[in-house]
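Each chain gets a letter, A, B and so on, in the order its sequence line appears, and its residues count up from 1.
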Amino acid sequence: MVKGFLNLTFSSLFWTKQLLSASKDKSFGLTEASEDSPLYMIEYSSPNTNKPLHLGHVRNNLLGYSLANILKANGKKVVKTNIVNDRGIHICKSMYAWRTWGEGKTPESSNMKGDHLVGDFYVLFEKHYRQEIKELMENGITEDEAKQKAPSILEAHKLLQKWEANDTETRKLWSKMNKWVYDGFDQTYRELGVDFDKIYYESDTYLVGKEEVLKGLKEGLFYRKEDNSVWADLTKEGLDQKILLRSDGTSVYMTQDIGTAKLRFKDFPIDKMIYVVGNEQNYHFQVLSILLDSLGFKWGKDLYHFSYGMVELPNGKMKSREGTVVDADELVSGMKDVARETSEKLGKLEDYTKEEAQKTYKIIALGALKYFILKVDPKKNMLFNPEESIDFNGNTGPFIQYTYARIHSILRKAKERDIVSEKKESDIFEMSEIEKNIIKTISAYPQAVKEAGDSFSPALIANYIYSLVKEYNQFYHDCPILSEENKIIRDFRLILSETVSKIIKSGFKMLGIEVPERM
RNA sequence: GUCCUUGUAGUUCAAUGGAUAGAACGGCGGUUUCCUAAACCGUAGAUUUGGGUUCGAUUCCCAGCAGGGGCACCA
């Protein structure tokens with residue numbers, strides 16, 4: 001007993017038993033889903049189709065994908081879903097700009113990813129729009145009025161109305177441009193290594209939401225104002241009034257989310273619905289939960305808003321209008337360049353073919369990016385400095401990948417020398433403190449997985465893996481493995497190393513990060 | 001204005017009410033005839049302020065200060 005704490009020591013035999021049980025278990029720390037496991041649906045990504053994905057989406061995508069893996073590892077059934085906001089004024093702005101100034105440009109003709117092309121027209125729209133507002137204001141019109149009366153915005157609204165009225169030509173243009181965007185998104189998703197089991201489109205769900213709202217109106221849950229708009233009164237819940245249908249009858253974000261939710265629960269036997277959406281929408285989801293509940297959906301009350309923090313840049317928030325966004329595609333390709341340069345400088349992969357090397361650069365680049373983002377508590381805002389943030393040394397993805405690669409280098413050599421380590425309990429040697437510590441950490445893996453699942457936190461996995469690797473590197477530095485003459489100790493250390501690498505791979509898989517055999 | 005949220009080394013991040021607040025980057029100083037030095041070791045350096053609860057508070061409560069976000073017929 002020291003200062004009221006009970007300090008226990010265990011024998012080497014105890015620790016070898018712990019290690020062997022972890023080593024022999026093929027899915028150590030993981031729980032398989034069974035027939036009656038609950039089904040979790042996770043919505044993430046949820047892009048608008050008027051611009052390419054940026055750093056904020058990257059955090060969302062990585063968190064959503066990782067969360068899905070973590071829940072699977074905890075024995076849940078998981079359906080990953082994406083709600084694509086494919087309709088609305090934003091895409092109409094791009095459509096108007098393309099039709100007006102696009103000169104028939106296509107992704108092929110301009111050699112551009114479709115999402116970037118469409119995004120450029122959105123920016124072009126905003127530029128013209130701002131100019132028009134400025135001119136109107138110089139003619140003595142108030143800012144509010146100018147924003148509504150500018151010719152560009154009137155045209156965009158006209159397109160939106162035509163879209164809602166199913167105008168053939170408008171729908172054709174809309175389909176064409178959205179298709180460009182989807183091709184671009186698919187490429188980015190593939191690059192990031194994220195995927196979905198089921199994609200919903202708001203153009204398919206908004207009418208369902210509208211029906212629900214009108215039904216609620218009939219039942220007296222909502223009320224209609226003189227101007228024909230429909231509202232929910234949430235003052236009883238301590239909130240305010242919320243608009244559900246505009247005076248022209250068109251639906252808003254909230255309405256669409258109600259429709260999407262209804263469709264999803266019709267399509268899947270969902271036990272828990274998780275929305276991976278930024279914390280700027282906390283209020284929205286609070287309201288959505290109440291509205292779904294009052295509309296009689298029993299699952300409304302316990303929907304879970306996985307509310308993550310914003311990604312900030314050194315000079316503040318990302319603002320698309322001010323051009324201070326970090327583009328997802330550029331980010332990834334920049335990371336790959338740095339990975340390649342670093343690797344070439346160190347001369348590590350000289351006997352690799354170009355393809356093999358390229359593949360490894362990608363694994364390292366994405367490892368760095370993903371780990372950097374996922375190691376931070378999802379709930380908190382995080383700062384991203386494009387110049388300094390992504391490092392390959394220290395507490396980083398590549399540091400952990402490097403440890404994995406070194407272990408596998410040893411395991412390859414062991415194989416070459418036909419060494420087959422005997423997996424049997426033994427206490428005939430004195431284990432070092434660091435070896436005991438590593439086994440202690442290994443034994444804590446199942447608990448770490450469980451806690452990450454309970455608290456929906458990829459950061460816990462990242463931090464766990466880091467501490468394991470930190471300990472292992474110390475051991476690697478201090479203790480000979482293959483060159484250890486005592487075969488019992490050598491085999492023990494091989495098993496220890498192999499088990500650590502297995503956990504690195506398993507934990508990183510949950511984070512969506514791959515590990516290289518060499519680097 | 002109102003509601004929510006965050007303040008920890010120079011910087012970016014950790015820390016279930018519990019032992020000496022833990023890392024990384026950056027700084028300074030070391031380690032390579034030895035399984036990958038993208039590694040390892042040493043060193044200096046921090047809980048926003050003031051109250052309260054508690055045997056014990058970075059953690060819980062109240063107030064101040066500072067940052068971020070919400071309160072749209074945007075999504």
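- Phosphate contact (OP1/OP2 of B/C35, side-chain N/O of A/Arg412, threshold under 4.0 Å): absent.
- Taking atom CG on A/Leu53 and atom P on B/A75, their separation rounds to 19 Å, with Å as the unit.
- Put simply, A/Lys413 has a side-chain N or O that comes within less than 4.0 Å of OP1 or OP2 on B/U36.
- As rounded to whole Å, 14 Å separates atom C1' of B/U12 from atom CG of A/Asn381.
- Rounded to a whole angstrom, the distance from the P atom of B/A46 to that of B/A21 is 11 Å.
- Between A/Phe492 and A/Glu435, some side-chain heavy-atom pair lies under the 4.5 Å cut-off.
- Taking atom CZ of A/Phe399 as the reference point, atom P of B/U36 lies 16 Å away to the nearest angstrom.
- Residue A/Arg490 has no polar side-chain atom (N or O) positioned under 4.0 Å from OP1 or OP2 of B/C35.
- Searching all strands for a Watson-Crick or G-U wobble partner of B/C28 with both distances below 3.5 Å returns B/G42.
- If you take CG of A/Asn393 and P of B/C13, they are 19 Å apart, rounded to a whole angstrom.
- You'll find the ring centres of A/Phe508 and A/Tyr404 outside the 6.0 Å limit.
- Nucleotide B/U8 forms no Watson-Crick or G-U wobble pair with any nucleotide shown, as no partner meets the under 3.5 Å limit on both distances.
- The base-pairing partner of B/C60, taking Watson-Crick or G-U wobble contacts with both distances under 3.5 Å, is B/G52.
- The interatomic distance linking A/His477 (NE2) with B/C40 (C1') rounds to 4 Å, in whole Å.
- The CG atom of A/Asp377 sits 10 Å away from the C1' atom of B/C13 (whole-angstrom rounding).
- Residue A/Lys380 places no side-chain atom within donor-acceptor reach of the base of B/U6, judged by atom type and a 3.5 Å distance cut-off alone.
- For the ring pair (Phe, Tyr, Trp, His ring centres under 6.0 Å) with A/Tyr206, the lone residue among A/Tyr253, A/Tyr201, A/Trp163, A/Tyr200 that qualifies is A/Trp163.
- Nucleotides B/U58 and B/G51 are separated by 14 Å at their P atoms, to the nearest Å.
- Remark: aromatic rings of A/Tyr189 and A/Phe196 are close, center separation under 6.0 Å.
- A donor-acceptor pair is defined here as one N or O able to donate and one able to accept, closer than 3.5 Å; such a pair exists between the side chain of A/Asn74 and the backbone of A/Ile70.
- For the OP1/OP2 pair of B/G70 and a distance below 4.0 Å, the side-chain nitrogens and oxygens of A/Gln281 include no atom meeting the criterion.
- Using the Watson-Crick or G-U wobble rule with both distances under 3.5 Å, B/U2 pairs with B/G70.
- Residue A/Ile364 is classed as a base contact, given a heavy-atom separation below 4.0 Å to a base.
- Place A/Asn282 and A/Ile481 on RNA chain B by their nearest nucleotides, and A/Asn282 ends up nearer the 5' end.
- Checking B/U16 for Watson-Crick or G-U wobble geometry (two distances, each under 3.5 Å) identifies no partner in any strand.
- Regarding A/Met519, its CE atom lies at a distance of 12 Å from the P atom of B/A37, rounded to whole Å.
- Salt-bridge formation is detected for the pair A/Glu143/A/Lys147: a Lys NZ or Arg NE/NH1/NH2 atom is positioned less than 4.0 Å from an Asp or Glu carboxylate oxygen.
- Phosphate proximity of B/A75 to A/Tyr253: absent, as no side-chain N or O sits under 4.0 Å from OP1 or OP2.
- Applying the 4.0 Å criterion to OP1 and OP2 of B/C35, one finds that A/Arg518 has every side-chain N and O outside that range.
- With C1' as the reference atom, B/G56 and B/C40 are 37 Å apart, rounded to whole Å.
- Regarding contacts with the backbone of B/C35, every side-chain N or O of A/Ser483 stays at 4.0 angstrom or more from both OP1 and OP2.
- Side-chain contact annotation: A/Ser45 with A/Asn61, donor-acceptor N/O pair under 3.5 Å present.
- When rounded to the nearest whole Å, the span between CG of A/Asn395 and C1' of B/A24 equals 6 Å.
- Each of A/Met254 and A/Asn473 was matched to the nucleotide of RNA chain B holding its nearest heavy atom; the match closer to the 5' end belongs to A/Asn473.
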